[in-house]
Engineer: 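I am attaching a structure below and will ask some questions about it afterwards.
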Protein chains: 2
Amino acid sequence: MSSHRRPGLGVLAARLLFAVQDELYERLELAGHGRVTRLHGAVFAHLDEDGTRTSEIARRSGRHKQVIGRIVDDLEALGYVARRSEETDRRAKLVIPTDRGLEVLRLSDEAIGEIEARLADALGEDVYQVFDHTFRAVLDELAD
Amino acid sequence: MSSHRRPGLGVLAARLLFAVQDELYERLELAGHGRVTRLHGAVFAHLDEDGTRTSEIARRSGRHKQVIGRIVDDLEALGYVARRSEETDRRAKLVIPTDRGLEVLRLSDEAIGEIEARLADALGEDVYQVFDHTFRAVLDELAD
DNA sequence: TGTGATAGTCAAAAATTGTGACTAACTCAG
DNA sequence: CTGAGTTAGTCACAATTTTTGACTATCACA
């Protein structure tokens, strides 16, 4: 078996994404946030500590605002975020993390940070830094 | 705006995946394969030229075999793959790309190859090679 | 031979995504 | 100041996708 083709950049990206997500959500579950799923990640990943608009989250995550709106409904019911109208634009509503939401943000940053630290440790601090730097350059290059 | 946190490894991976997919499916559409969607990618990405079992595709892609079975139904109806019973194990069926399916495999490899070549050109051949190599090392490291 | 595991499929339920329409509020040219 | 066009968000409905459980056929192996 395993006569499969050498994985290209797309498959590498998918594997990395799944590997990171697997570890992240496992840790969130252990920390008592088992109700938070990958779906909610689209919001958490693009949510600032001081709040972000629904439409901005939609834009950043590349999903429809209806989908984001529904995920926010969910997170609101679970007590992770609250909605507050913006004062400068009364159409808009800020999605703001609650204390519980802030904890998820903190735990997520911590989990990702640990993964990165583990990789830096295994591959070499300098090697990993170059990797991270090149990764961002790759994304900049593909953004056109 | 844009006061968002520095994206971690997970967000980087997601962006890379989407960027690669965007370009890949755009090219497939231009080549007359507009009916092939990201959904089908789970099969094509793990399909060998000489055929692969449904369950092996499911294992490699991390999806349920029912889902893969349905995608294969789709691809079969579109004329991209055929099913053939294995001789060594009569329970199993090989999913085999048709000529049309082989063309998609070729176009996909070509598209990814061009993206990689473009990146190597922009960032430097040696820089990109190190990046690619480190990427695979990262995945090996996370596989544990 | 017979017990347990594996490959694949079917069918129904649940979850997620996409579409179109709608209200409210903002922008800005005239 | 006003009205046309745009944008933020939501609702309701349709379509798609995923999940769950059950089932048949086949294999592996003690």
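Every chain is numbered from 1, with letters handed out A, B, ... down the list of sequences.
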Engineer: Just to verify, what does A:F18 make a ring pair (Phe, Tyr, Trp, His ring centres under 6.0 Å) with, not counting sequence neighbours?
Structural biologist: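 For A:F18 there are no ring pair (Phe, Tyr, Trp, His ring centres under 6.0 Å) partners, ignoring immediate neighbours.
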
Engineer: Using whole Å, report how far CG of A:D89 lies from P of C:dT23.
Structural biologist: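 My rounded result for the distance is 19 Å.
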
Engineer: Using whole Å, report how far NE2 of A:H40 lies from P of C:dA15.
Structural biologist: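 The distance from NE2 of A:H40 to P of C:dA15 comes to 12 Å, rounded to the nearest Å.
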
Engineer: Whole angstroms only, please: what is the CZ-C1' distance between B:R84 and C:dA7?
Structural biologist: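 Those two atoms, CZ and C1', are 17 Å apart.
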
Engineer: State which residues pass side-chain hydrogen bond (donor to acceptor under 3.5 Å, both in side chains) with B:R106; sequence neighbours excluded, sorted by chain then number.
Structural biologist: B:E110

Engineer: Under 3.5 Å, is there a donor-acceptor pair between the B:Y25 and B:H33 side chains?
Structural biologist: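 No donor-acceptor contact under 3.5 Å links the two side chains.
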
Engineer: Between protein and nucleotides 9-17 of chain D, map the contacts as a letter string: B base, S sugar-phosphate only, - none, heavy atoms under 4.0 Å, written 5' to 3'.
Structural biologist: BBBBB---S

Engineer: In whole angstrom, what separates A:I68's CD1 from C:dT17's P?
Structural biologist: 9 Å

Engineer: Students often mix this up, so state it plainly: with edges at 30° and 60°, are the rings of B:F131 and B:F135 parallel, tilted or perpendicular?
Structural biologist: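 Ring orientation of B:F131 relative to B:F135: perpendicular.
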
Engineer: Nearest-Å distance, NE2 (B:H64) to P (C:dA7)?
Structural biologist: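 Distance, rounded to whole Å: 15 Å.
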
Engineer: Check the phosphate of D:dC27 against B:R90, side-chain N and O only, distance under 4.0 Å to OP1 or OP2. Yes or no?
Structural biologist: yes

Engineer: For B:R60 and C:dA7, what is the distance between atoms CZ and C1' respectively, to the nearest whole Å?
Structural biologist: 16 Å

